[in-house]
Amino acid sequence: MRWLRGSSSDADGIPAGQPPRAGEDLDAAARDVLRRAVQFYPALPEAQRDRLHRLIAQFLVEKDFWGSQNLTVTFEMKVYIAAHACLMLLGLPRLGLYPTAREVIVFPSHFGESIECIAPDGRRIVIHDHFIGQTWRRGPVLLSWDHIDPASRGMMAGHNTIYHEFAHVLDLLDGEADGVPPLESADQLPGWQRVMRAEFESLVAADRAGRRSFLDPYGAQDPAEFFAVATEQFFEQPRRFQRLHRALYGQLRQFYKQDPAAWMVS
Ligand SMILES: [Zn+2]
C-alpha cells in the first residue's frame with residue numbers, strides 16, 4: 001500500500017519556500033476540469049478559489065509530471081493531482097509550494113517490485129512489494145493513477161493517496177519523517193505532541209484489537225503514517241472527523257490554517 005521511503009544522503013533543514021507568485025491565473029480548460037472532476041471544488045468558498053487557482057497554475061508550471069509504464073499523463077490528470085495537493089496549501093503560504101518535490105511520477109496502477117527465490121525443497125516463492133503511493137525525501141512523489149482516478153472505484157471514501165503523499169512531503173520539510181510538520185511556532189509543539197500521541201496510541205490499540213476505526217489502521221505503523229492518514233480524512237470527511245476526533249481535528253485545523261468541516265460536503 002502507501003509507503004514511505006527516504007534516502008539518507010540529503011542534508012536536513014527546512015528549504016526556503018518560494019511564496020506563490022501573484023498574478024498567475026488558471027486557464028479556462030483547467031477550470032473546466034476542476035468543475036467536472038474535483039469533488040470538493042463546487043463547495044469551496046469563493047474567497048478561497050482565487051488562491052487555489054493561482055497555486056494550481058504555479059504547480060503546473062513548476063512540477064514535472066512523468067508517466068511510467070507508458071502511461072500518458074493528460075492535462076486533466078495533472079490538474080486533478082495539482083488541485084488536491086494545492087488545497088492542502090491554502091492556509092500555508094509560509095511553506096511554499098512543496099519546494100522539495102519537483103517531480104510527480106504517475107503509474108497506471110500499483111507499482112513496486114517482486115522478489116523471487118527458490119526454497120531448499122525446490123518451491124518457488126515470489127514476494128510482492130507493491131505501493132499505491134510513495135514519497136522520497138527531496139525527491140519525486142509517486143502515485144498510482146488507478147487509486148486516485150475519480151472515474152474508477154479505486155478511491156474509497158476517506159482515502160486519497162494525493163493528500164497522503166503530500167502530507168509526507170510537508171512532514172519531511174524539516175528533515176524528519178516523524179509526523180510533526182513544520183508548525184508555525186514552537187508554542188504549538190506540546191499540544192500537538194500530546195494530542196497526536198494519544199490518538200496514535202488509540203489507533204494502535206484499536207488495530208491490535210481488530211476494532212473498526214474512522215482513521216485508517218495503516219496509520220498505526222508510526223507517527224509519520226498517522227499524520228498522513230489523518231490528513232486524508234481531514235480533507236476527505238472533515239465533518240465526521242470533527243465529530244469523532246475533535247481534539248485531533250483542532251490540531252490539524254491549526255496547522256493547515258483552514259477548516260474544511262465549515263464548507264466541505266462530506
Ligand atoms: Zn505513507
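Whatever order the structure lists ligands and atoms in, that order sets their numbers, starting from 1.
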| Taking the six-membered ring for Trp, are Trp192 and Phe255 parallel (under 30°), tilted (30 to 60°) or perpendicular (over 60°)? |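 Geometry flag for Phe255 against Trp192: perpendicular rings.
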| So, for Phe234 and Tyr256, is the gap between ring centers shorter than 6.0 Å? |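 Ring centroids of Phe234 and Tyr256 are less than 6.0 Å from each other.
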| query | Looking only at side chains, do Asp259 and Tyr249 share a donor and an acceptor under 3.5 Å apart? | reply | yes
| task | Evaluate side-chain contact (heavy atoms from CB on, under 4.5 Å) for Phe111 paired with Gln134, printing each intermediate quantity in order. | result | CA-CA 10 Å; Phe111 52 91; Gln134 206 174 67; 4.2 Å; yes
| query | Please state the angle at the Zn ion (ligand 1) spanned by NE2 of His168 and NE2 of His164: what is it, rounded to 10 degrees? | reply | 100°
| Closest to the Zn ion (ligand 1), which N/O/S atom of Glu225 is it? | OE1
| task | Report yes or no: does Glu165 have an N/O/S atom closer than 2.8 Å to the Zn ion (ligand 1)? | result | no
